[in-house]
Amino acid sequence: MKKSIVFLLSIYSIFLHAQESKTINNQDMVWYAYYNTLQFSEKTYLTSELQERHFVNKLEQHQIVFRTHIHQEIDKNKDVSAGFCFFFHGKNDPDQPKTVTVPEFRPHLELIIKQPFSKFTLSHRYRAEFRYFHNVSSDKLELEDGYEFTNFRLRYQLQASAKLGTILNKIVRLRVFDEIMLNAGKKVIDNVFDQNNIYVGLSIDLTPNTQFEIGILKRFQQRATPNEYFERDILRLTLFHKINLY
């Protein structure tokens, strides 16, 4: 845990130094998400998610996300997975002119390590993503044939979760995480730092296999252009649903 905190602080210092001369675009967004888990055995399960993301100040769609990944527990505190997602990227700014919606295909590999304590659990998530974007015309108004690999993205998330108590016999939990994302690859020049996400959320068990969570995500994201950033305040509404198949 100490090494993880030192790593996060090191990334923060680099990030803050890079922001000495910067242009920041502030945006408000809402994300709606549905997570489904199919439990095939005690240690094997498939997680799929569907997300809709849109801007608030001007009701414009930002992204649609579909992700699925198969998990295998090594032991009760270690989990490996592999999967992919399809992103459909709309506007990055609700005020920008009309552009084509750009598909992205993104395979990934992941490792999760948990550290249980008496009153809370820490988890470390390491994810490597391989990003392929659909080719677009030079005016960005039409899709062209094929996909092109653009970069790797390396993600580290430190998360803490704890049971707070019960409301009307329903368990309430707190979830907090901080995630750093870094870009790598031949085409990455000015934006090795991709983004930092800080999240606080509360969930309630609707049924033994269904939870609803509401939370706030603070996202700092560097654009490809040097010293230009998005700062996004995001309301996340999420429904988790687990189905046991064994």
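For K140, the NZ atom sits in a loose shell: 12 or fewer heavy atoms of surrounding residues, nucleotides or ligands are nearer than 6.0 Å. Around atom CD of E42, no more than 12 heavy atoms belonging to other residues, nucleotides or ligands sit under 6.0 Å away.
Residues satisfying the side-chain hydrogen bond (donor to acceptor under 3.5 Å, both in side chains) criterion with R223, sequence neighbours excluded, are absent altogether. Scored by the salt bridge (Lys or Arg N to Asp or Glu O under 4.0 Å) test, D139 finds no partners at all (sequence neighbours excluded). For the side-chain hydrogen bond (donor to acceptor under 3.5 Å, both in side chains) test, no residue two or more places apart in sequence or in another chain qualifies with Q157. Applying the salt bridge (Lys or Arg N to Asp or Glu O under 4.0 Å) criterion to D205, with sequence neighbours excluded, gives R173. The side-chain hydrogen bond (donor to acceptor under 3.5 Å, both in side chains) check on K78 picks up nothing, with sequence neighbours excluded.
For the pair K91 and T99, the minimum side-chain heavy-atom distance is below 4.5 Å. The closest side-chain heavy-atom distance from T37 to T47 is below 4.5 Å. Between Q159 and R175, the closest side-chain pair of non-hydrogen atoms falls below 4.5 Å. A 4.5 Å side-chain heavy-atom check between H134 and V100 finds every atom pair outside the cut-off. Between R219 and M29, the closest side-chain pair of non-hydrogen atoms is not below 4.5 Å. Side-chain contact between K58 and D95 is present, with at least one heavy-atom pair separated by less than 4.5 Å. At least one side-chain heavy atom of L38 sits less than 4.5 Å from a side-chain heavy atom of N36. Residues N77 and P116 have side chains in contact (heavy-atom distance under 4.5 Å, counting atoms from C-beta outward).
Between F66 atom CZ and F87 atom CZ the span is 12.5 Å, to the nearest 0.5 Å. To the nearest 0.5 angstrom, I64 atom CD1 is 13.5 Å from F86 atom CZ. Taken from CG in L245 to CG in L46, the straight-line distance is 9.5 Å, to the nearest 0.5 Å. A distance of 11.0 Å separates OH in Y132 from CG in N151, rounded to the nearest 0.5 Å. In this structure, the separation between OG on S203 and CD on Q211 is 6.5 Å, given to the nearest 0.5 Å. Atoms CG and CD, from N183 and Q195 in turn, are 8.5 Å apart once rounded to the nearest 0.5 Å.
Because its NZ or CZ atom is not both nearer than 6.0 Å to the ring centre of W31 and within 45° of the ring axis, R236 does not count as a cation-pi partner of that residue. Seen from the ring of Y156, R125 does not count as a face-on cation partner, given the 6.0 Å and 45° thresholds.
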Go through E52 and Q61 one step at a time and tell me if the side chain to side chain donor-acceptor pair (under 3.5 Å) criterion holds. CA-CA 8 Å; E52 159 66 19; Q61 189 176 68; 2.9 Å; yes
Step by step, would you call N26 with E231 a side chain to side chain donor-acceptor pair (under 3.5 Å)? CA-CA 5 Å; N26 299 96; E231 181 176 349; 3.2 Å; yes
side-chain contact (heavy atoms from CB on, under 4.5 Å) between Y35 and T238, worked out: CA-CA 7 Å; Y35 285 73; T238 307; 3.4 Å; yes
Going through the distances and angles, do H124 and I112 end up as a side-chain contact (heavy atoms from CB on, under 4.5 Å)? CA-CA 6 Å; H124 309 264; I112 297 176; over 6 Å; no
Criterion side chain to side chain donor-acceptor pair (under 3.5 Å) on H89 and Q63, from CA distance to verdict: CA-CA 5 Å; H89 297 272; Q63 294 171 327; 3.1 Å; yes
Steps toward side-chain contact (heavy atoms from CB on, under 4.5 Å) verdict (V200, L174): CA-CA 8 Å; V200 178; L174 171 69; 4.1 Å; yes
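Taking each heavy atom of Q27 and P94 in turn, the nearest pair found is NE2-CD, 4.0 Å. F193 approaches L182 most closely through the heavy-atom pair CA-CD2, 4.0 Å.
Side-chain atoms of N196 never come within 3.5 Å of backbone atoms of Q221 as a donor-acceptor pair (strictly under, hydrogens ignored). Between the side chain of K170 and the backbone N or O of L206, at least one donor-acceptor pair lies under 3.5 Å.
Hydrophobic clustering (ILVMFWY, side-chain heavy atoms < 4.5 Å, transitive): I113 and V80 are in one cluster. A continuous path of Ile, Leu, Val, Met, Phe, Trp and Tyr side chains, each step under 4.5 Å between heavy atoms, connects L122 with Y126, placing both in one hydrophobic cluster.
The aromatic ring centres of Y229 and F220 sit 6.0 Å or more apart. Checked against the 6.0 Å centroid criterion, the rings of F84 and H69 do not qualify as a close aromatic pair. Aromatic rings of Y45 and F40 (six-membered ring for Trp) have centroids beyond the 6.0 Å cut-off, not under it.
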List the atom pairs, with distances to 0.1 Å, where a side-chain N or O of residues 141-149 and a protein N or O form a donor-acceptor pair under 3.5 Å, not counting sequence neighbours.
{"unit_1": "E148", "atom_1": "OE2", "unit_2": "K187", "atom_2": "NZ", "d": "2.2"}

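For N209 and H241, the side-chain atoms include no donor-acceptor pair closer than 3.5 Å.
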